[in-house]
Amino acid sequence: MAQVRLEGVAKRFGPVSALADITETMADGELTVILGPSGCGKSTLLRVIAGLDEATAGRIFIGDRDVTDLPPAKRDIAMVFQSYALYPHMTVFDNMAFGLKLAGRSRAAVRAKVEEAAKLLRIDGLLDRKPRALSGGQRQRVAMGRALVREPQVFLFDEPLSNLDAALRVEMRFEIAALQKQLGATMVYVTHDQVEAMTLADRILVMRDGRVEQSGAPLDIYRRPVNRFVAGFLGTPGMNFIDGRIVDRGENGLGIALGDGGWIDLPLAAETRLAGEVIQVGGRPEDLMVEKERDDGKHGGVRLSAEVLLVERLGAETHLHLSVAGGRRIIARVGGETSLRQGETVRVSASVDVLHLFDVSGDRIAPVG
Amino acid sequence: MRPGLWLAVGLILLFSLFPFYWAIVSSLETGTALFDADLLPSGATLRNYGEIFAAQPFGRNILNSLLVAGGTVALALTLAVGAAYALGRVAFRGRGLLLMVILAVSMFPQVAVLSGLFELIAALGLYNSLWALIFSYMIFTLPFSVWVLTVFMRDLPREIEEAAIIDGAGSFTVVTRIFLPLMAPALASTGLLAFLVAWNEFLFALTFTLSDKVRTVPVAIALISGQSQYEIPWGHMMAASVTVTLPLILLVLLFQRRIVSGLTAGAVKG
Amino acid sequence: MYLAPTLLVLAVVGGWPLARTIWFSLSDAYLGRAAEASFIGLDNYLLLAGDGEWWGAVWNTVVFAACSVTLETVLGIGIALVLNARFTGRGLVRAAVLVPWAIPLVVSAKMWAWMFNDLYGVINAGLAGLGLIDGPVAWLADPDLAMAAVVMTDVWKTTPFMAILVLAGLQMIPDDIYEAARVDGVHPVKVFFRITLPLVWPVLLVAVIFRTLDALRVFDLIYVMTSNSRDTASMSVFARQQMVNFGDLGYGSAASVLIVLIVGLVTVLWLMAGRVRLGAEGGR
C-alpha cells in the first residue's frame with residue numbers, strides 16, 4: 001500500500017477549469033473521502049489520479065513513484081465505478097480475471113487470486129453467472145472483486161453505492177469499511193453523500209468549484225468548518241444561518257445584534273476590532289435549545305424568539321421548523337418527546353461556544369482569543 | 001373495431017404476399033398452363049427449376065452473389081468497426097462533420113460515380129471480376145455500417161471502456177475483447193442489411209461485369225431471355241426469382257428483429 | 001488511426017469517381033478514349049439544357065418520385081398504425097410486411113412485369129374477371145400506364161421500409177399520452193392528427209427524405225421493367241444510356257452531376273421544410 005500525493009494538480013477542459021491547484025496527501029492505509037456537490041470536480045480529481053483524465057498541470061505521486069505520465073494500467077491502482085462497469089458478456093469469473101489475464105499471469109495464479117477474492121466478498125457461488133443475472137448488491141461485490149484481485153497500491157471508488165437502495169447502501173458501506181480495515185488498504189472514495197463521508201472516512205476533503213475547501217478528520221470538519229459552504233454542506237438537516245452585526249457595548253463586552261431583534265452575548269475576551277462587522281451566525285439544529293417563552297429575564301447568552309411552523313416527529317427525535325422574527329426559517333432538532341406545538345411562540349437559545357460565525361465572504365471568524 | 005382491424009390485416013397480407021405467391025405459382029407451371037390466370041398451379045412441376053440450372057450458369061450466378069455479398073459484409077464490417085470506434089468513442093474536432101460527410105457519400109446517386117469508378121476499376125485490372133463489385137459496393141454499405149455502428153457504439157457505457165483501460169487493455173484489446181462482443185447484435189443487424197443490399201444490387205453489377213461466369217443473380221435474372229425476343233421465358237424467370245428470394249425471405253423471417261433494429265437505428269436515433 | 005482505412009476507401013470509391021465525373025462533365029470525353037478528352041467548359045450542360053429527352057427524363061423522375069413517395073407514406077403510415085395495434089400473430093404479419101422489402105428489386109420488377117403482362121398477366125385477368133375492363137390493357141407499353149405500373153411496383157417494394165420506420169416511431173410514443181387523450185375524450189381522428197402525427201414527424205421526415213433521395217436516383221426498376229423506353233426513362237437511366245450505350249462520357253457525366261445537384265437541393269429543401277414545420281409545432 002502507498003500514499004497518494006498531489007502537487008499543484010490542475011485540470012482544464014478547454015476554457016473551463018475543473019480542478020485548480022490541488023495539493024493534498026492521501027495517507028497510506030487510510031480511507032480518504034472526497035466530498036462535494038455535483039459538478040465540484042471530485043470525480044475529475046479521482047479520474048486524474050486514475051489516469052483516465054490527464055492533469056493539465058501538477059504532479060501525481062503514488063508511493064514514491066511519479067505516475068503523472070503513466071497510463072492507468074501502469075499506476076498500480078484499481079477503480080470501482082458508479083455503474084460498476086462490469087463487462088456484460090463475461091462471467092463473474094472472467095470479469096475479475098480479465099485484468100490478470102491481460103497482465104499475462106498463469107492460469108493457475110489467476111484462478112487462485114479470483115477465488116480468494118470471491119471468497120472474501122462472498123460471491124464464490126456466483127462465479128459462473130453473467131452480470132445481468134446478479135442483483136445490485138452482487139454486482140457491486142463483483143466490481144469490488146475485480147479491483148481486489150489486482151492487489152493495487154490504491155483503491156479508487158467513484159460513488160460506488162449511489163445505485164443501491166438505502167438498506168443495501170448501509171450494508172455495503174459497512175463492508176467497505178470492514179474490508180479497508182482488514183486489508184489496511186489505501187482508498188480514495190468519491191461521494192456526494194455526507195453520511196457516507198462521515199461514516200467511512202479517516203479523512204475528508206470537501207470540494208467546491210474545483211478547489212479543496214477543507215480537509216481533515218470528519219468530526220473536526222463537522223465541528224470547525226472553515227467556511228459557510230462546508231458548514232452548510234455537512235449535516236442533515238443543515239446548519240441554520242442568521243444575519244447579524246457585531247456591536248460593542250463598552251464594558252459589557254461585545255454582542256451580536258441579530259437582524260430581527262435577537263441578541264447574542266459574546267464572551268468578554270472577544271476581539272473588539274470585530275465591532276461593527278456584518279456577519280452570519282450559524283447553529284447546527286442539534287445545538288439549538290427550544291423552550292416555551294417565559295418572561296423571566298433569564299436567557300443565557302442567546303436571546304431569540306420564534307414561532308413554531310411545523311413539528312416533524314421522527315420518533316427518536318423531532319425537527320422543529322421555526323420562524324424567527326423577521327421571517328427567517330430555521331430548524332431545531334430536539335428530543336422525541338417534545339410538548340411544543342405548531343403556532344406556539346418559543347425561545348431559541350444555544351451555548352455560545354457551539355455557534356459558528358462567518359464573515360461576509362463566508363469565512364469562519366474566531367471572535368474568541 | 002376488431003372486424004375492421006382484421007380486414008386491414010388481411011389486406012396488408014394480400015398486398016405484401018400475393019405477388020410473391022403468384023411468382024411461385026407461375027414458376028411451377030410450364031407451357032400453356034403458365035398462361036392461365038388460375039390462382040392454383042395447374043400441373044405443378046419443378047421443370048423450370050431444373051432448366052435454369054441446366055441451361056444457364058445459374059448455380060454459378062448464385063455462388064457469385066454469395067461471394068460478393070459475403071465479401072462485402074466482411075470488408076464493410078471490418079472497416080466500419082474501426083471507424084465507428086473512432087467516431088463513437090474518441091472525441092476530436094470535426095467529428096460531427098465527418099459523420100455527415102460519410103453519410104452524404106451513401107446518398108450519392110450511383111450513376112454519378114459510375115464513370116469514375118469504371119475507369120478506376122479498369123485501371124486496377126478488376127473489370128469483369130467479383131472484386132470489382134465487392135470494392136464498389138463499399139460506397140453504400142460502408143457509410144451505412146459506419147453510421148449504425150457509431151450510433152450503437154456511442155451508447156455503450158463509457159465506464160466499461162475505462163474499466164478495461166484500468167485493467168490494462170489497449171485500444172485494440174478494448175475494441176476486440178470488449179466492444180465487439182457487446183456489439184454482436186448491432187453487427188448482426190448491420191451485416192444482414194449490407195448482405196441484402198449487396199445481394200440485390202444491379203447497376204454496378206450490370207456495368208462492371210461482362211461474362212456469365214462473374215454475373216450476379218440480379219443481372220442474370222434481368223438478362224434471362226428466350227429463343228427469340230418475343231418469347232420471354234416467364235416460367236424460367238419466375239423460377240429463378242423464387243430461388244434467389246426464398247433464402248432472403250427465410251433470412252428476414254428469422255432475423256426480423258435484427259433487421260428492424262438495424263433499419264431504424266440510423267433513422268430514429270441518429 | 002482506426003478511421004483511416006474507412007476514409008481512404010470512401011475517398012477512393014466515392015470522392016475520386018465523383019471528381020472524375022465532374023471533370024468528364026466539363027470535357028468531350030468518350031468511352032474508351034477518356035484520356036484524350038479536352039476541356040470544353042459548360043458545353044455539355046448547355047447542350048443538356050436544350051435536350052428534350054433529358055427534360056423528359058427529369059419530368060419522369062419527378063413524377064415517379066412524387067407519386068411513389070406519397071403513396072408509400074400514406075400506405076406506410078396506415079400499415080404502421082395497424083401493426084401498432086395489439087393482435088395475435090402481429091409478429092408474423094410484421095414479418096410478412098417485410099417480404100417485399102427483402103425481394104431483390106430486379107426480381108420484384110420481373111414479378112410485376114409478369115403480373116402486368118398484357119396477354120397473360122394476372123392483373124388483366126383479375127380486372128377482366130371483375131368486369132372492370134373489356135380487353136387486355138397494355139400496361140407496360142402505354143406511356144401513362146407504364147409509369148403507373150412502375151410506381152405501383154416501387155410502392156409495393158418500398159412501403160415496408162416506410163411502415164417499419166413509422167412503426168418504430170409509433171412505438172416510441174408512450175402509452176399514457178394516448179390514455180390521457182382518451183380520458184380527455186379526444187376523438188381518435190383528432191388524436192391521430194394532433195398527437196400521433198406530430199410525435200412521429202421526425203421519424204417520418206427521415207424516412208421520407210431517404211425514400212425521396214432513393215426515388216430520385218431510381219434506375220434498376222425502370223431499366224428492368226421498361227428498358228430504355230423514353231416514356232419512363234429516369235434521370236439515371238438517361239445518364240447511363242448516354243455513357244454506356246452511346247459512349248458519350250462527357251454528356252452522361254454532365255447529366256450525372258445535375259442529378260447530384262438535384263438530389264442535394266431536394267434534401268436541403270426537405271430539411272428546411274422539416275425545420276420550419278417543426279418550428280411551427282413548437283410555437284403552438
Side-chain angles (χ1 to χ4, degrees), chain A residues 13-14 43 46-47 49-54 67 70-91 94-105 110 130-132 139 142-150 152 154-160 162-163, chain B residues 77-78 80-82 84-86 88-98 148-191 255 257-258 261-262 265 269:
Chain A
F13 294 104
S43 282
L46 194 75
R47 293 169 58 84
I49 296 173
L52 291 172
D53 283 338
E54 222 173 297
V67 299
L70 293 180
K74 296 251 163 70
R75 294 190 177 196
D76 211 355
I77 45 116
M79 185 153 168
V80 175
F81 292 87
Q82 179 171 8
S83 65
Y84 318 137
L86 300 180
Y87 310 126
H89 57 294
M90 296 186 192
T91 62
D94 290 330
N95 258 285
M96 291 167 66
F98 187 63
L100 297 177
K101 281 182 186 163
L102 286 182
R105 304 289 189 83
V110 171
K130 293 268 180 74
R132 92 175 80 81
R139 287 179 204 182
V142 176
M144 281 171 40
R146 192 169 63 182
L148 222 52
V149 293
R150 295 170 50 81
V154 180
F155 288 90
L156 306 174
F157 292 87
D158 189 3
E159 311 229 10
S162 57
N163 284 350
Chain B
L77 287 187
T78 310
V81 165
Y85 173 69
R89 308 303 292 191
V90 186
F92 59 88
R93 201 178 289 269
R95 174 165 69 164
L97 186 72
L98 203 57
V148 174
L149 292 184
T150 301
V151 168
F152 192 86
M153 188 91 77
R154 214 165 39 193
D155 288 349
L156 291 178
R158 169 129 251 157
E159 290 191 339
I160 289 195
E161 183 184 359
E162 291 175 346
I165 290 173
I166 287 183
D167 270 346
S171 62
F172 186 73
T173 312
V174 170
V175 171
T176 53
R177 302 271 300 267
I178 306 293
F179 282 157
L180 269 188
L182 290 181
M183 290 205 309
L187 286 174
S189 304
T190 321
F255 297 105
R257 259 166 217 295
R258 296 254 154 281
S261 74
K269 289 191 202 153

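In the text below, chain A, chain B and the rest are named by the order of the sequence lines, each starting its count at 1.
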Heavy-atom check, side chain of B:Ile165 versus side chain of A:Pro71, under 4.5 Å:
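B:Ile165 vs A:Pro71: side chains apart.
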With a 4.5 angstrom heavy-atom cut-off, is it the side chain or the backbone of A:Leu100 that approaches chain B, or both, or neither?
neither
So, the part of A:Arg75 with a heavy atom under 4.5 Å from chain B: the answer is neither
Which atom names give the shortest non-hydrogen contact between [X] and [Y], and what distance separates them?
{"X": "B:Gly168", "Y": "A:Ala73", "result": "CA-CB, 3.2 Å"}
{"X": "A:Pro88", "Y": "B:Leu182", "result": "CG-CD2, 3.3 Å"}
{"X": "A:Phe98", "Y": "B:Ala169", "result": "CE2-CB, 4.3 Å"}

CZ/B:Phe172: more than 12 non-hydrogen atoms of other groups inside 6.0 Å:
no
Looking at CD of B:Glu161 and CG of A:Leu52, how far apart are the two atoms once the value is rounded to the nearest 0.5 Å?
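Going from the CD atom of B:Glu161 to the CG atom of A:Leu52 covers 9.5 Å.
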Side chain, backbone, both or neither: which part of B:Ala164 has an atom under 4.5 Å from a heavy atom of chain A?
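B:Ala164 touches chain A through backbone and side-chain heavy atoms alike.
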Measuring heavy-atom distances to chain A, does B:Arg177 have an atom under 4.5 Å in its side chain, in its backbone, in both, or in neither?
both
Is the backbone of A:Phe81 close enough, under 3.5 Å, to the side chain of B:Glu159 for a donor and an acceptor to pair up by distance?
no
Select, from A:Leu102, A:Ile77, A:Asp158, A:Leu86, the one with the greatest count of heavy-atom pairs under 4.5 Å involving chain B.
A:Leu102
Among A:His89, A:Met90, A:Lys74, residue most engaged with chain B (heavy-atom pairs, under 4.5 Å):
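The answer is A:His89.
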Do A:Arg150 and B:Asp167 pass the salt bridge (charged side-chain N to carboxylate O under 4.0 Å, His left out) test, and can you show the C-alpha distance, the side-chain angles, and the key distance before you say yes or no?
CA-CA 8 Å; A:Arg150 295 170 50 81; B:Asp167 270 346; 3.5 Å; yes
